[in-house]
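Numbered from 1 within each chain, the chains take letters A, B, ... in sequence-line order.
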Amino acid sequence: MERYNFKVVEEKWQDYWTKNKSFKSTLNKSKKKFYCLEMFPYPSGKIHMGHVRNYTIGDVLSRYKSMLGFNVLHPMGWDSFGMPAENAAKENKLDPKIWTEKNISVMKTQLKKLGLSIDWEREISTCSEEYYKHQQLFFLELYDKGLVYKKENYVNWDPIDETVLANEQVIDGKGWRSGAVVERKKLNQWFFNISKFSDELLKGLDELKFWPNKVKIMQKNWIGKSFGCEVNFKVEGDLPIKTIKCFTTRPDTLFGFSFLAVSVDHPISEHFKENPEFIRFKKECSKTGTTEESIAQGEKIGFNTNVMAVNPLNEKQKVPIYFANFVLMDYGFGAVFGCPAHDQRDLDFALKYNLPVKTVVKPLNEDDTYQVKKEAYTGIGEIINSDFLNGLKVPEESVIKTIEILEEKKLGNKKINFRLKDWGVSRQRYWGCPIPVAYNENGDVIKIPNDQLPVRLPENINLKEKGNPLDKVKSWKHIKINGKDCFRETDTLDTFVDSSWYFLRFCSPNSKDYGYNIDEINYWMPVDQYIGGVEHAILHLLYSRFFMRALNYKNDQFKITEPFEGLFTQGMVCHETYKDENNNWLSPEEVESEDGKNFYIKNYPDKKAIVGSSESMSKSKKNTIDPEYIINNFGADAVRLFILSDSPPEKDVQWSEQGMVASYKFMQKLWVLHKKFKDKIKEDTTSEDNEIEIFINQMIEKINYNLEKFHYNVIIANLYESYNFFTQKLNQNISKKNLLDSYTKFLSIISPVLPHFTSECLADLKLNPFQKWPEVDKNLIKNDTVEYVIQINGKKRAILKYMKDINQEELMKEIINNQETKKIIENKKIIKCFFVKNRLINILI
RNA sequence: GCCCUCGUGGUGAAAUUGGUAGACACAAAGGACUUAAAAUCCUUGCCCUUUUGGGAGUGCCAGUUCGAGUCUGGCCGAGGGCACCA
């Protein structure tokens, strides 16, 4: 028997698809569109298993939708600006552009080997001038709309990468890439006014019906809307500042006021800047803000100003004002009123500095003598010890009533506050999109005029030196605008800007004058199904949602607000980890085992290798498997089969060598089955048996369901199930009638997973390799007989095949007459029966 | 600390509205074929019983229901997100 030669077959069909431009998509308003997009890769060098999984999932969906008759857009591109290119340039003296382009070429070849149904004519790369020149126009448009501004601000400074990080890029006080402890630094930075859309971004989440709840909740928490009010506190003493404004969600606890805490950056700090003790305290705070230990401990420290604040609801009460490390300048007004009894953080602080703790809310089951001791009470209850607020129900009336009182007395106003801060987009890097502005002698911002756009990155520059590379290229930096000397902005844009609109560019990749063509995006957008890792739940997905609103703002033609109609977050690919006895990571190729239990270093049976937990594949843990090696040895179809088979796509999957081999063997078995089918179709047999037809129609129905629900692992099980059925059935005397038709349908429904294999089989049968998605023949699967489950007292006792749609009496008659079942209820008194039509009967005896 | 998700055989997992738990696969054990091995195929898979058959069983404890992996409450465990957000 001829073996299935995946190398020849896969290459043949990949060539065929390329030559015939099989996946080219064109705008066709008479057809319903389907935009399927996977998160585009960063060209780091080679593709990894995560890409294989991500793009296989997308490819199955694209091919399925295309067979259903949709006009499918399935593009691919490169998120090609970013730090690794610059690091490679530093370490290996490679030009970032050349390094990046080389990687793209390698990875493109690798992706093609997977047999993806991608329209490569739409390929884009964010580091190309053709891409970033449009981004510069967007930047200037947003500037004109007032959505971009510059301000001096404290930023997260990464001392290793020497760049600014967005809040989202700081993880546990460390830079997300370098791992360096982040410092606070004051810099003049460009910002996108994302907070302007806080409420819209929050409300928009409700419209996203096809997003995972998990992601929506994460974004909701990130935006962090809270309802409360601003309260003005009078300040007593000699300071020129006479009031301090606070934001609070609990104005109802104002009578429990015991101190006022402000940030060390609060305007009031101006009047302490010469106080040496305050200087020392401020220094202490800047340290605790970022180090991991302090965050873990959460120690609260304060500096007493010896200035007093007045309780607006009780003019007689005066409390001390402290500078405190836990108050953030960029939330609320950089000041909080402290009510220790009903806020754990305030209580910690009060206990440390011996400040009074006055209970003003009691739980419903306590009386008025209830007192808070070491644990703040934040639950529901009733207001006490609060003069005219006493008796209010917490929280349903107390907050609103107190705000009304404050507004009436002109002491405060209702306010909604958001946690979401504006997006700082300046990066002190070379390999990014240049910000298209310059400054004149006075430092005023001058937009680069149209005829001097785009601002191109200078080439052949020295990246060895520390600091901002563009700042050192004098010939590039100094320019003339309208005859006047200016110098360029030397920061580049955060690469998350690049990926905030690339999905628009895919719709009109050749639009020369502008980033998109309005006709084309209005046809293709929104992305119907976006697929990628959950690690982008906040950053990329929130920025993209913002960017669409920013383009939409003051632009009647631009209709899009939500870029991604459907979102699917796939899990990671994991593998066991190995270490030698000295705790050094070992790669899977470096270890060997004979029994699958005891591992040792290859060729050194006395050197033990320790098997660690299975973790997501990463270079640092050396537990990666190279997709190219696997594709070359087992074939793309077998890899696609395996990567989908073991776990549901949203969960992590365990890479298993054995599983991979099994998938490969299965491909061979499928080929044998194909030959059997081919022979059988030629044979002249007669039999009225139509089981194959029935089976395949039931299978189409199952696969339809599983495809729509993303249960791709179950589809693979369905495939195995079909194989098992067919191998049995083909050994029997079966009807030739409709055999070819059934087999064609079978090949069609597995073709999204195994496109090379099925194309080959269809061609072998002289059939069109591009089949339509088969429809279910309802008449065929309309079975006359049904398996009824016979339960006694809720326990399964028998299964009875009988006519469909019968009623309870008929079924009971059958049970009594049936050899097998009659003994179950013989001589028993039947109390009650529960009958579910065509399903089961539960007899209580 | 707050929020979210998930706990099913030796393993990865199926189970569409509450209605046959463990589909499908991996691993294991036994067997067939073979001079032998590899490959392939078959059988088994918790407890009791020689078999027929019966029993327990979806993290634990309760509840709702004729019937719960699925719904409700509490507990335990694992993973993820946020981190002084006033």
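- For Asn713(A), a side-chain nitrogen or oxygen approaches OP1 or OP2 of A14(B) to under 4.0 Å.
- Nucleic acid contact for Tyr331(A): base, since at least one base atom lies under 4.0 Å from a heavy atom of the residue.
- Closest to the side chain of Arg419(A), from the set C3(B), A25(B), C85(B), is C85(B).
- Contact annotation for Asp343(A): no contact, since no heavy-atom pair falls under 4.0 Å across all strands.
- On the P atoms, C71(B) is 16 Å away from A14(B), given to the nearest whole Å.
- Separation of the P atoms belonging to C3(B) and U8(B) is 25 Å when rounded to the nearest angstrom.
- In this structure, the side chain of Arg797(A) does not engage the main chain of Ile790(A) through any donor-acceptor pair within 3.5 Å.
- In terms of position along RNA chain B, the nucleotide closest to Glu650(A) lies nearer the 5' end than the nucleotide closest to the other residue of the pair Met218(A) and Glu650(A).
- Atom NZ of Lys225(A) and atom C1' of C85(B) are 16 Å apart (whole Å).
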Practice item. If a protein heavy atom is under 4.0 Å from the base, mark B; if only from the sugar-phosphate, S; if neither, -; do that for nucleotides 37-43 of chain B going 5' to 3'. Key: ---SS--
Find every protein N or O atom lying less than 3.5 Å from an N or O atom of nucleotides 17-21 of chain B, and list the pairs.
| from | atom 1 | to | atom 2 | distance (Å) |
| --- | --- | --- | --- | --- |
| U17(B) | O4 | Arg839(A) | NH1 | 3.0 |
| G19(B) | N2 | Gln791(A) | OE1 | 3.3 |
| U20(B) | O4 | Glu787(A) | OE1 | 3.2 |

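- Nucleic acid contact for Ser663(A): none, since no nucleic acid atom lies under 4.0 Å from a heavy atom of the residue.
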Protein-nucleic acid N or O pairs under 3.5 Å, nucleotides 5-12 of chain B:
| from | atom 1 | to | atom 2 | distance (Å) |
| --- | --- | --- | --- | --- |
| G12(B) | O2' | Asp646(A) | O | 2.6 |
| G12(B) | O2' | Ser647(A) | OG | 3.2 |

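- When the C1' atom is used for both G53(B) and U5(B), the distance is 43 Å, rounded to whole Å.
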